Amino acid sequence: MSDSIDDRPSESSEIPYSFARTAGVGEIRRSFADLGPGESTGVVYSVAGRIMLLRRQGKIAFAELRDSSGHIQLFTGADVTENFDKFVDLSLGTWIGATGEVITTRRGELSLKVQRWVVLAHAERGFGDKWHGVTDPDTRYRQRYVDLWANPEVREIFVKRSKIISEMRHYLEGKGFMEVETPLLHSVAGGALAKPFTTHHNALDMDLFLRIAPELYLKRLVVGGFEKVFEIGRVFRNEGISPRHNPEFTMLELYQAYADYHVMMELTEDLVSHLGQVICGSTVISYQGRELDLTPPWKRVTMEEIVSEQLGREVCVSMGLSELSAIAVEHEIFVSPSWGPGKVLLEIYEKIAEHTIWDPVFVCDYPLEVSPLSRDHRSKHDMVERFEVIIAGRELANAFSELTDPAEQRRRFLHQVAQHIEGDEEAMGMDEDYLRALEYGLPATGGLGIGIDRLVMLLTDQSQIREVVAFPTMRPEQDR
RNA sequence: GCGCCUCUAGCUCAACGGCAGAGCAACGGACUCUUAAUCCGCAGGUUCUGGGUUCGAAUCCCAGGGGGCGCACCA
């Protein structure tokens, strides 16, 4: 293997710099779907892809050529195909370009009767067992380029991921939203409660954080007069890796001036059900063997209601810290002395209620204490106008009526800073420029964030985030 | 970070204290309509690494490394 490069210098020099492909194999399959057995069409195409199977039968041979659109059989014979002896000698995995007539074989298999062919790349390594493929997760995630050939269904997930994001853009632009880009390097880690990655800028000699959310910059753009903005981009959180968490993941965040969280609910259920319809062909989809109904309108409940329902007794944030803490302890929830009643209520909710939800639910009205960027609820004391969307027991989206009052935002930041000093690594820092922006005036604004990876998991029926991220974060390989 | 499981040929897997094996891939050969083609032949190993127990270790024990699952954290 290691000396193979020296073995064929001449072959490498014969690799062409381009190949004039005239069709993808999927296109040919669609055009000639109705041919009977043993037909010749007189139509000639040039295709390109990898040889994935090769069956020799004396002076003829059959090969399976696969490209990104599917696979087609190549029919070759000593009397029809140039360099037939070399063709049957090809290793599985070799990229070739082939030109020939569309035919069907006696058994009715749509094939290309190859007249000319050329090697486009040699495969010095094999793609694993032709029946079992490659199943080792380590190999699959580290060498996705192998996984994509060895396990064709993997390809479909990434095609769908691309369509989901593309359709999302199309949908939002259709609603008058403008796509923007904001910094990934932040001098203050804000916009979410999470531990940031730290990096360093040499020329400025300053530490910077990889963003944990684009939120504060997007709202600055609303202050600047862009009324409907969105960003689809990577965010980074320095936390554990799990089947549902990758340290870098993709979020959609959008902001709409003059809107509140009720508008965000309508937008969310319309967007997600639309994506279900486009990607899965229905707003009723199948997830992990179970039916899941994305059809709007989605159920709306308050956090206090759903917790009360699960506990079988009335629970609200105003019942006070000691009583809520007692309930938490009853359910084996750790309660930190620094927590107020709002945080305790959130913990109870996450422990006992969140996982019980299957079909989409808007869980509304969060404690102010755990929502430093959300606007006070217009009728409930110590609560904010915020909701999360829970689907299949997981948080998919987070949204609120944005806090617009600079003085109140300053108080919230100060509280966060105090929390940080007390050891809460996820608490936000003070962002003076953001406060200054609010002082110029932010109108009523609705904001929404959707975890794209989890949305893709939902619409592609995957239970692990690593299946929808092409190159998930992994430890570096040891010596190989 | 903690707990449980796992790592054997390029790939998929056997052997579970007694000679490290099979199928596929690779390599050599036969075959003019195959569909994971078939048939014949040949080759392929630091059983993740390092210690230990034992007459004898892929197998049992300890430590380390990779991976998976669960918990914790979060989206």
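All values reported here derive from a predicted model rather than from experimental measurement. Letters go in sequence order (proteins before strands), and every chain restarts at 1.
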Considering every strand shown, what is the Watson-Crick or G-U wobble mate of B:G18 when both distances are under 3.5 Å?
B:C55
Looking only at B:G67, B:C33, B:G70, the nucleotide nearest the A:Pro137 side chain is B:G67
With heavy atoms under 4.0 Å as the rule, sort A:Glu395 into base, sugar-phosphate or nothing.
sugar-phosphate
RNA chain B: 5'-proximal contact among A:Asp89 and A:Gly133 (nearest heavy atom):
A:Gly133
Taking a pair as Watson-Crick or G-U wobble with both distances under 3.5 Å, which nucleotide is matched to B:C71?
B:G1
By nearest heavy atom, map A:Met474 and A:Ala194 onto RNA chain B; which one lands nearer the 5' end?
A:Met474
A:Leu92 has a side chain; which of B:U35, B:A26, B:G66 sits nearest to it?
B:A26
Where the side chain of A:Glu109 is concerned, which of B:U35, B:C33, B:G67 is the nearest nucleotide?
B:U35
Rounding to an integer number of Å, can you tell me how far A:Tyr145 OH sits from B:C11 C1'?
15 Å
Heavy-atom side-chain proximity of A:Leu403 to A:Phe400 below 4.5 angstrom
no
Please pick, from B:C27, B:C33, B:C11, the nucleotide with the shortest atom-to-atom distance to any side-chain atom of A:Ser91.
B:C27
When the C1' atoms of B:G21 and B:C16 are compared, how many Å lie between them, rounded to an integer?
14 Å
Any base atoms under 4.0 Å from A:Phe334, or only sugar-phosphate, or nothing? Heavy atoms, all strands.
nothing
Between B:G23 and B:C39 - P atom distance, rounded Å
10 Å
Using purine N1 to pyrimidine N3 plus N6-O4 or O6-N4 for Watson-Crick, or N1-O2 and O6-N3 for G-U wobble, both under 3.5 Å, which nucleotide pairs with B:A43?
none
Pairing partner of B:G64 (Watson-Crick or G-U wobble, both distances under 3.5 Å):
B:C48
A:Asp136 versus A:Tyr141, side-chain donor and acceptor atoms under 3.5 Å:
no
Provide the distance between the two P atoms, one in B:C13 and one in B:C7, to the nearest whole Å.
11 Å
Write down the distance between CH2 (A:Trp131) and C1' (B:A25), rounded to a whole number of angstrom.
16 Å
If I take atom CD in residue A:Gln57 and atom P in nucleotide B:A30, what distance separates them, rounded to the nearest angstrom?
14 Å
Answer with base, sugar-phosphate or nothing: what part of the nucleic acid does A:Lys130 contact at a heavy-atom distance below 4.0 Å?
sugar-phosphate
Taking only the C1' atom of each, what is the distance from B:A9 to B:G50 in whole angstrom?
23 Å
Select base, sugar-phosphate, or nothing to describe what A:Gly449 touches, counting heavy atoms under 4.0 Å on all strands.
nothing
Let's see if you can work this out: which of B:C71, B:A37, B:C73 has an atom nearest to the side-chain heavy atoms of A:Glu426?
B:C73
Give the minimum heavy-atom separation between A:Leu172 and A:Leu254, together with the two atoms involved.
CD2-CD2, 3.7 Å
Same-atom distance (C1') from B:C48 to B:C42, integer angstrom
29 Å
Would the distance check show the side chain of A:Asn83 and the main-chain N or O of A:Lys86 forming a donor-acceptor pair, the cut-off being under 3.5 Å?
no
With a 3.5 Å distance limit and no angle check, can you tell me whether A:Thr104 reaches the backbone of A:Gly38 through a side-chain donor-acceptor pair?
yes
Have a look at A:Asp136 and say if it touches a base, only the backbone sugar-phosphate, or nothing, with a 4.0 Å heavy-atom cut-off.
sugar-phosphate
P gap between B:U53 and B:C62, integer Å:
15 Å
Please work out if A:Leu53 contacts a base, only the sugar-phosphate, or nothing of the nucleic acid, heavy-atom cut-off 4.0 Å.
sugar-phosphate
Answer with base, sugar-phosphate or nothing: what part of the nucleic acid does A:Arg56 contact at a heavy-atom distance below 4.0 Å?
base
For A:Asn238, which contact category applies under a 4.0 Å heavy-atom criterion: base, sugar-phosphate, or nothing?
nothing
Give the rounded distance in Å between these two atoms: CG of A:Leu54 and P of B:C27.
11 Å
For A:Lys195 and B:G1, what is the distance between atoms NZ and C1' respectively, to the nearest whole Å?
10 Å
Could you tell me whether A:Ser242 contacts a base, only the sugar-phosphate backbone, or nothing, with contacts defined as non-hydrogen atoms closer than 4.0 Å?
base
Separation of B:C11 P from A:Asp129 CG (nearest whole Å):
11 Å
Tested for side-chain contact (heavy atoms from CB on, under 4.5 Å) against A:Leu455, the lone hit among A:Ile279, A:Ile164, A:Leu252 is A:Ile164
Charged tip of A:Arg161 within 45° of A:Phe158 ring normal and under 6.0 Å:
no
Given the P atoms of B:G65 and B:U38, what is the spacing between them in whole Å?
44 Å
Which value, in whole Å, describes the distance between the C1' atoms of nucleotides B:G70 and B:U8?
27 Å
Can you check the A:Arg140 CZ to B:G66 P distance for me, whole Å?
20 Å
Taking any strand in view, what nucleotide pairs with B:U38 in a Watson-Crick or G-U wobble way, both distances under 3.5 Å?
B:A30
With a non-hydrogen cut-off below 4.0 angstrom, is A:Gly58 in contact with a base, only sugar-phosphate, or nothing?
base
Spacing between A:Lys59 atom NZ and B:A37 atom P, to the nearest angstrom
22 Å
Starting the side chain at C-beta, find the nucleotide from B:G67, B:U12, B:U35 nearest to A:Arg142.
B:G67
Classify the nucleic acid contact of A:Glu388 as base, sugar-phosphate or nothing, counting any heavy atom under 4.0 Å across all strands shown.
nothing
Angle between ring planes, A:Phe62 versus A:Phe75, binned at 30° and 60°: parallel, tilted or perpendicular?
perpendicular
